[in-house]
Protein chains: 2
Amino acid sequence: MPRWKPDAVERLQAAALELFDEQGFERTTVAEIVQRAGLTQRTFFNHFADKREVLFGLSAELQQEIIGEIAGGDDTLPPLDAVVRALEVVADKMLENRRAVVTRRYAVIAANPELQERELSKNAALTEAIAAVLHARCGDPETAFLAAGAAMLAQQAAFRKWTRPGETRTLRDLLPDALHSLRTTVNQNSVDPNQNSVDPNQNSVDPNQNSVDPPLPT
Amino acid sequence: MPRWKPDAVERLQAAALELFDEQGFERTTVAEIVQRAGLTQRTFFNHFADKREVLFGLSAELQQEIIGEIAGGDDTLPPLDAVVRALEVVADKMLENRRAVVTRRYAVIAANPELQERELSKNAALTEAIAAVLHARCGDPETAFLAAGAAMLAQQAAFRKWTRPGETRTLRDLLPDALHSLRTTVNQNSVDPNQNSVDPNQNSVDPNQNSVDPPLPT
DNA sequence: GTCTATATGCGGATAGAC
DNA sequence: GTCTATCCGCATATAGAC
């Protein structure tokens with residue numbers, strides 16, 4: 001029989017999210033959080049560097065999974081596809097079953113500038129990490145940078161829809177949709193066709209890869 | 001005859017950039033800055049909300065110019081082109097003649113995490129503002145969001161090159177280059193061509209618009 | 001507890017605009 | 001003469017280092 005109840009980190013995260021949701025981030029003290037979780041402040045700051053970090057435990061796990069998925073994924077895919085593929089896999093594995101919690105967490109962050117700053121930093125770090133693994137795998141630095149940024153852009157567009165009240169589609173299904181929208185938007189082009197000599201299918205189709213869901217007509 | 005020397009804000013900004021460059025952001029106090037500028041601490045905090053803000057005066061001006069340029073620009077351009085066009089104009093008007101200062105400022109920011117956070121916030125705010133003006137002008141919210149994000153991505157790629165030691169090309173010339181790289185990267189596509197039914201030239205060429213410099217062969 | 005640095009509140013002075 | 005913009009002085013809250 002354990003000396004303490006298990007899952008201290010999880011209990012702290014859950015208690016914090018509840019309280020931030022109920023009364024706002026600023027008006028919630030660490031004392032309240034640890035009280036609800038049945039722990040002490042010392043324990044809180046043992047696990048989290050500051051009050052904000054309690055909301056970002058998932059980010060580190062996600063980053064690790066995403067990077068691993070890219071590194072272990074299909075080497076022949078073009079960079080942007082490789083990243084989006086990894087994002088889809090990780091979305092299924094770690095996000096879809098926590099939709100309610102993740103949505104509430106996102107609402108809390110959106111309501112507080114300090115938390116938004118932290119979120120921006122985490123996203124920037126993730127983008128950097130993706131660019132680094134892409135760079136190590138194949139391409140030149142600029143392609144890695146652009147592919148990572150473009151993938152994160154699509155991810156954010158999909159995520160925004162996924163966390164909307166009426167939305168029922170999975171994040172995995174929303175991602176290819178967002179990617180398609182991104183391609184459409186980026187390819188709207190007013191310049192000389194000669195300059196825009198980009199073959200949209202310069203890479204061959206890989207018949208072995210899983211089929212990509214076509215964007216929904218809506 | 002004025003009671004004080006004019007341009008207090010500019011003097012503070014210049015003094016701060018010099019000192020941050022010489023000894024780093026953390027090791028520089030507000031007291032040192034105001035001493036070099038011949039002012040007092042109270043005046044410093046009258047003009048800047050905190051120590052970091054002294055480095056970001058240009059951001060607000062840039063944002064205003066960029067938004068104005070988009071709003072006053074060619075309505076018929078597709079959103080991404082409209083934004084990049086505006087970025088080119090503003091790059092010429094406000095950045096090219098301060099290349100040395102802007103480069104030093106960027107190096108200072110890159111050397112300090114706190115400043116990077118602030119920079120991320122400013123960029124996010126600018127992206128939001130661009131998306132808002134695009135949304136107001138024409139497109140749906142998602143297209144506006146994606147076009148704004150894609151434009152900022154190209155801008156960042158171009159800016160990174162522009163601030164590199166040996167680089168001699170202008171930011172205006174680097175921007176179309178970066179945009180082309182972004183289009184190339186985004187269009188590397190492994191999926192079924194039927195899904196990727198994106199016509200790279202669905203918009204007609206506007207013969208009246210200024211010619212776009214072709215990417216340099218290097 | 002002291003010291004340093006950041007940041008804020010409130011009042012006051014004066015030059016120039018009206 | 002009043003008003004406003006700009007800057008200064010003083011006191012103080014807060015936070016971290018030592």
Side-chain angles (χ1 to χ4, degrees), chain A residues 12 16 19-20 23-35 39-56 108-109 111-122 124-125, chain B residues 1-65 94 101 104-125:
Chain A
L12 286 169
L19 286 163
F20 295 162
Q23 27 178 315
F25 174 78
E26 306 243 323
R27 273 167 300 291
T28 301
T29 68
V30 175
E32 295 176 272
I33 298 171
V34 299
Q35 188 201 345
L39 294 165
T40 68
Q41 296 214 17
R42 190 74 189 91
T43 304
F44 184 94
F45 287 109
N46 271 342
H47 291 291
F48 308 106
D50 56 49
K51 199 174 90 176
R52 287 185 266 174
E53 271 304 295
V54 73
L55 272 179
F56 293 91
V108 169
I109 292 173
N112 184 281
E114 281 183 84
L115 294 174
Q116 289 174 52
E117 276 209 357
R118 181 62 57 91
E119 170 88 340
L120 288 172
S121 288
K122 298 287 184 186
Chain B
M1 183 170 179
R3 188 169 164 203
W4 295 286
K5 285 197 287 184
D7 305 320
V9 169
E10 285 73 13
R11 271 154 53 213
L12 286 169
Q13 288 170 334
L17 180 57
E18 285 174 25
L19 286 164
F20 294 162
D21 194 13
E22 292 168 15
Q23 23 177 316
F25 174 77
E26 307 239 316
R27 274 166 302 288
T28 301
T29 68
V30 175
E32 295 176 273
I33 298 170
V34 299
Q35 189 203 345
R36 185 171 292 202
L39 293 163
T40 68
Q41 296 213 19
R42 198 64 193 88
T43 301
F44 182 94
F45 288 108
N46 273 342
H47 288 289
F48 308 107
D50 56 50
K51 199 175 102 176
R52 290 183 259 172
E53 272 301 299
V54 73
L55 272 178
F56 294 90
L58 190 59
S59 297
E61 299 174 42
L62 282 176
Q63 170 157 343
Q64 200 175 342
E65 290 290 322
M94 305 186 62
V101 173
R104 278 201 307 159
R105 172 187 167 282
Y106 186 60
V108 168
I109 291 173
N112 184 278
E114 282 183 86
L115 294 174
Q116 288 174 54
E117 277 210 357
R118 181 60 55 89
E119 171 87 341
L120 288 172
S121 288
K122 298 288 184 186
N123 278 342

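Quick note on labels: first sequence line is chain A, next is B, and so on, each numbered from 1.
With rounding to whole Å, B:F45 atom CZ is found 15 Å from D:dG9 atom C1'. In this structure, B:R27 places its CZ atom 17 Å from C1' of C:dT6, rounding to the nearest Å. Across the protein-nucleic acid pair, B:E114 atom CD and C:dT6 atom P stand 10 Å apart, rounded to whole Å. When rounded to the nearest whole Å, the span between CZ of B:F48 and P of C:dA7 equals 13 Å. B:R52 has its CZ atom 8 Å from the P atom of C:dA7, to the nearest Å. With rounding to whole Å, B:Q41 atom CD is found 9 Å from C:dA5 atom P. Following rounding to the nearest Å, B:L115 (CG) and C:dT6 (P) show an atom-to-atom distance of 13 Å.
Under the side-chain contact (heavy atoms from CB on, under 4.5 Å) criterion, A:Q116 pairs with A:I109, sequence neighbours left out. Checked against side-chain hydrogen bond (donor to acceptor under 3.5 Å, both in side chains), B:R42 has the following partners two or more places apart in sequence or in another chain: B:N46. Residues satisfying the side-chain contact (heavy atoms from CB on, under 4.5 Å) criterion with B:A110, sequence neighbours excluded, are absent altogether. Taking the ring-ring contact (aromatic ring centres under 6.0 Å, His included) definition, one finds that B:F45 meets it with nothing, sequence neighbours left out. Remark: A:F56 pairs with no residue by the ring-ring contact (aromatic ring centres under 6.0 Å, His included) rule, at least two apart or across chains. Partners of B:E117 under the side-chain hydrogen bond (donor to acceptor under 3.5 Å, both in side chains) rule, at least two apart in sequence or in another chain, are A:S121. The side-chain contact (heavy atoms from CB on, under 4.5 Å) check on A:A31 picks up A:T29, A:Q41, with sequence neighbours excluded. Applying the side-chain contact (heavy atoms from CB on, under 4.5 Å) test to B:N112 and every residue at least two apart in sequence or in another chain returns B:F25, B:E26, B:E114, B:L115.
How far CG of B:N123 is from CD of B:Q63: 10.0 Å, rounded to the nearest 0.5 Å.
Within residues 16-26 of chain B, no residue places a heavy atom under 4.0 Å from DNA chain D.
Within the structure, salt bridge (Lys or Arg N to Asp or Glu O under 4.0 Å) pairs that include any residue of residues 28-38 of chain B comprise B:E18-B:R36, B:E22-B:R36 (at least two apart or interchain).
Between B:R52 and B:E119 there is no salt bridge, since none of the side-chain N atoms of the basic residue sits less than 4.0 Å from a carboxylate O of the acidic one.
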Restricting to nitrogen or oxygen on both sides, can you table the protein-nucleotides 16-18 of chain D pairs closer than 3.5 Å?
none

Protein-nucleotides 5-8 of chain D N/O pairs under 3.5 Å:
residue : atom : partner : partner atom : Å
D:dC7   : OP2  : B:H47   : NE2          : 2.8
D:dC8   : OP2  : B:T40   : N            : 3.3
D:dC8   : OP2  : B:T40   : OG1          : 3.2
D:dC8   : OP2  : B:T43   : OG1          : 2.3

